Amino acid sequence: MLDRRYVVEHADRVEQNCQRRGSRADVRQFVSLETQRKARQADIDQLNRQANEVSKSIGKAKDAAEREARKAEGRGLREKTAEAQADLDRITAAADAILRAIPNMSHPEAPIGVDDQANLEIRRGIHEPPKFAFKPLDHVDLGEKLGLVDFEGGAKVTGHGFYFLKNDAVLLELALQHYALDVLVREGFTPTITPDLARNEILQGTGYIPRGPETQIYSIADSDLSLVATAEITLGGLLSNEILDAGVLPVKLCGISHCYRTEAGAGGRAARGLYRVHQFTKVEMFAFTLPNQSEDMLNYFCDLECRIFDGLGIAYRVVDTATGDLGGPAYRKFDLEAWMPGRGEAGEYGEVTSTSNCTDYQARRLGIRYRTGEKGTAFVHTLNGTAIAISRALIAVLENYQQADGSVVVPDVLRKWVGKDRISAL
RNA sequence: GGAGAGGUGGCUGAGUGGUCGAAAGCGCCGGUUUGCUAAAUCGGUGAUCGGGUAACCGGUCCGCAGGUUCGAAUCCUGUCCUCUCCGCCA
């Protein structure tokens, strides 16, 4: 959520930004409602002031008759206030609905474009895509041949988009978690395992809409809980409604959680296998920073994501995400796309991680502030980044490390946790 | 899940219908004292919205949401959370 005053004072800029980000939020209407809201609030303040005066005078009334007269006066004022308040509530609700739909402002260097076609490649990893002397398989075939992933079992038990990891895939999943965590703990992140469910108000605070028409979120019936789509939600919510001492910033957390996504309307190609699933495990990075620290933190998160994939020996590229593809909360976002030999005709890059600077957009909704040196408080900046999303990392590992004999070599950095250097058919 | 108790400012904690945005202590900031530190002492010290160049003025906020009342931190209802005891369970 943007600062309502900022929107009013920079309506043109906000409106242009909405266009670039493909949002149809009615900024003009918001400005108009906001003007009405202020006027109505001033009326109410005035009425309350009068009513307060009347109330105070009752204690000092000379006699019963005067007391009764003043009571009646007070009653009348409160009735008027109630009417004005109802009016104000209506206006505020309408204004807020628009405000919530207005996306964050965009970094001046973020490429302008309607969708991911406009994403700009800014960087590549240290490894080249592997060259195969044979036709590489995709991870679905590899997983089947090696007994690693059971999609049919998942479909039977839970439905399409679910799967069982089996045998060495389980060890790989744990190894990937351990590997990512190992890097992050050395970097001073506080490791956490977060709840997989969160209150809807926390989801909303982080910019996820639990029960909207285009939601990605599973809601729990008869409760105000939803399954989280990422630990970004729980980690961001962790400090909601707190006022921090500036000295504790930046706070760097990482969290392991399961991620649940309905993927409504996301069917079709490129969704084969593990690429787009309803549940996966993820190690997420999260930071709360001072405003002037967030740009560096975003680059740092991006560097860490690169380090993790360089360490895995997998080729990737990093793209600066176009305005139309940023979603609501992000001010700037870098996606890391790993080389997936089994994807498309002869291999393609596929998104494996993503890091965003949400500036104060989430913090404002979540009420996360810090004490400034001067009088008062200000909103912190929040950032999130994927350290490792297991399902997609598995795709990259299996497809890049496959061998002519159908086995898969275990990346060096994972061997101490997988306990072997090669995965072969049982 | 059952029974009790409780949620007040950065912290501890008083406050059971008006004089309470709220005692006191701690912490923090500033002054005095002091060779320095400590101690002592005096003063200041919540958030948020609106108005004003500013001093300042006004509204709202005592977990959250409603209700009663001219008036609520205080009474009532709901809700969330915490603690204690019991039950259940990995």
Side-chain angles (χ1 to χ4, degrees), chain A residues 1-9 30-96 98-100 193-205 210 219-226 233-234 237-249 251 256 258 288 290 360 363-380:
Chain A
M1 184 166 71
L2 293 178
D3 177 29
R4 54 200 327 143
R5 219 168 352 180
Y6 178 89
V7 177
V8 170
E9 286 166 12
F30 174 78
V31 172
S32 154
L33 286 166
E34 191 61 7
T35 309
Q36 296 173 45
R37 193 184 67 82
K38 273 189 191 166
R40 220 73 191 99
Q41 183 66 58
D43 294 346
I44 290 173
D45 285 358
Q46 194 56 232
L47 286 165
N48 275 332
R49 200 186 55 99
Q50 290 171 24
N52 286 343
E53 272 171 21
V54 169
S55 290
K56 275 184 193 152
S57 75
I58 288 172
K60 298 171 199 146
K62 296 182 210 43
D63 53 50
E66 185 186 336
R67 201 171 357 255
E68 287 311 312
R70 301 245 95 185
K71 278 193 189 182
E73 191 182 343
R75 245 191 310 268
L77 282 167
R78 292 294 174 189
E79 275 164 23
K80 270 196 205 163
T81 310
E83 279 173 35
Q85 185 69 49
D87 202 24
L88 175 69
D89 289 346
R90 240 189 3 261
I91 295 166
T92 305
D96 281 354
I98 297 173
L99 185 61
R100 278 195 299 273
I193 295 177
T194 87
D196 285 349
L197 286 86
R199 288 182 200 291
N200 289 333
E201 65 177 86
I202 300 289
L203 286 267
Q204 279 155 10
S219 297
I220 306 296
D222 302 321
S223 80
D224 67 338
L225 296 175
S226 296
I233 293 166
T234 44
L238 187 60
L239 297 184
S240 59
N241 293 316
E242 295 204 21
I243 301 175
L244 310 168
D245 286 321
V248 309
L249 298 170
V251 173
I256 303 175
H258 291 116
F288 303 90
L290 295 171
D360 60 4
R364 185 168 290 109
R365 279 283 275 292
L366 290 168
I368 308 175
R369 294 172 288 169
Y370 67 96
R371 266 177 276 281
T372 55
E374 312 296 307
K375 187 173 155 57
T377 62
F379 292 106
V380 302

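Please read all numbers here as calculations on a predicted model, not as lab measurements. The chains referred to below are lettered A, B, ... by the order of the sequence lines, with proteins before strands, and numbering in each begins at 1.
Among B/C70, B/G10, B/U48, the nucleotide with an atom closest to any side-chain atom of A/T377 is B/U48. Counting only heavy atoms from C-beta on, A/I58 has its side chain closest to B/G18 among B/G10, B/C81, B/G18.
Base pairing of B/C85 is made with B/G2, judged by Watson-Crick or G-U wobble geometry with both donor-acceptor distances under 3.5 Å. In this structure, B/U41 forms a base pair with B/G31, meeting either the Watson-Crick or the G-U wobble geometry with both donor-acceptor distances under 3.5 Å. Pair assignment for B/C70: B/G18, on the basis of Watson-Crick or G-U wobble contacts that are both within less than 3.5 Å. Shown here, B/U77 forms a base pair with B/A65; the pair counts as Watson-Crick or G-U wobble because both key distances fall under 3.5 Å. Base pairing of B/G25: its partner is B/C11, meeting the Watson-Crick or G-U wobble criterion (both donor-acceptor distances under 3.5 Å). Pairing for B/U60 goes to B/A47, judged as Watson-Crick or G-U wobble with the two contacts each under 3.5 Å.
Between the C1' atom of B/C70 and the CG atom of A/L47 lies a distance of 14 Å, rounded to the nearest Å. The CG-C1' distance, from A/N200 to B/C64, rounds to 16 Å in whole Å. As a whole-Å value, the separation of A/E73 CD from B/C70 C1' is 10 Å. In this structure, the CG atom of A/N241 is 11 Å from the P atom of B/A65, given to the nearest Å.
B/U60 and B/A72 have their P atoms separated by 9 Å, with the value rounded to a whole Å. Straight-line distance between the C1' atoms of B/A22 and B/A47: roughly 14 Å, to the nearest whole Å. B/C20 and B/G78: their C1' atoms are spaced 27 Å apart (whole Å). Comparing the same atom, P, in B/C56 and in B/G44 gives a spacing of 13 Å after rounding to whole Å. B/C76 and B/U16 have their P atoms separated by 14 Å, given to the nearest Å. Distance noted for atom C1' between B/G2 and B/U48: 41 Å (whole Å). When the P atom is used for both B/U74 and B/G21, the distance is 13 Å, rounded to whole Å. Comparing B/C11 with B/G63, their P atoms sit 13 Å apart, to the nearest whole Å.
No donor-acceptor pair under 3.5 Å is formed between the side chain of A/R4 and the backbone N or O of A/L99. At least one donor-acceptor pair under 3.5 Å links the side chain of A/R364 to the backbone N or O of A/M1.
A/R199 has a side-chain polar atom (N or O) that falls below the 4.0 Å cut-off from OP1 or OP2 of B/C81. Phosphate proximity of B/G71 to A/R70: absent, as no side-chain N or O sits under 4.0 Å from OP1 or OP2.
With contacts defined as side-chain heavy-atom distances shorter than 4.5 Å, the pair A/L225/A/R199 qualifies. Within the 4.5 Å cutoff, the side chain of A/E34 has no heavy atoms near those of the A/V31 side chain. In this structure the side chain of A/R78 reaches within 4.5 angstrom of the side chain of A/N48, judged on heavy atoms. No side-chain heavy atom of A/T234 sits under 4.5 Å from any side-chain heavy atom of A/I202.
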Which atom pairs link the protein and nucleotides 55-63 of chain B when you take only N or O atoms and keep those under 3.5 Å?
from: B/G59; atom 1: OP1; to: A/N52; atom 2: ND2; distance (Å): 3.2
from: B/G59; atom 1: O2'; to: A/D45; atom 2: OD1; distance (Å): 2.8

With the criterion being N/O to N/O and under 3.5 Å, what pairs connect the protein with nucleotides 25-27 of chain B, and how long is each?
none

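The residues A/R70 and A/E73 are annotated as salt-bridged, a charged nitrogen and a carboxylate oxygen being separated by less than 4.0 angstrom. Salt bridge annotation for A/R75-A/E79: absent, with no cationic side-chain nitrogen under 4.0 angstrom from a carboxylate oxygen. Under the 4.0 Å criterion applied to side-chain N and carboxylate O atoms, A/E83 and A/K80 are not assigned as salt-bridge partners.
Looking at every heavy atom in both residues, A/L290 comes nearest to A/A246 through CD2-CB, 4.2 Å.
Nucleic acid contact for A/R5: sugar-phosphate only, since backbone atoms but no base atoms lie under 4.0 Å from a heavy atom of the residue.
Side chain to side chain, A/Q41 and A/D45 meet the donor-acceptor criterion of an N or O pair below 3.5 Å.
Looking at which nucleotide of RNA chain B each of A/R369 and A/A51 is closest to, the 5′-most match is held by A/R369.
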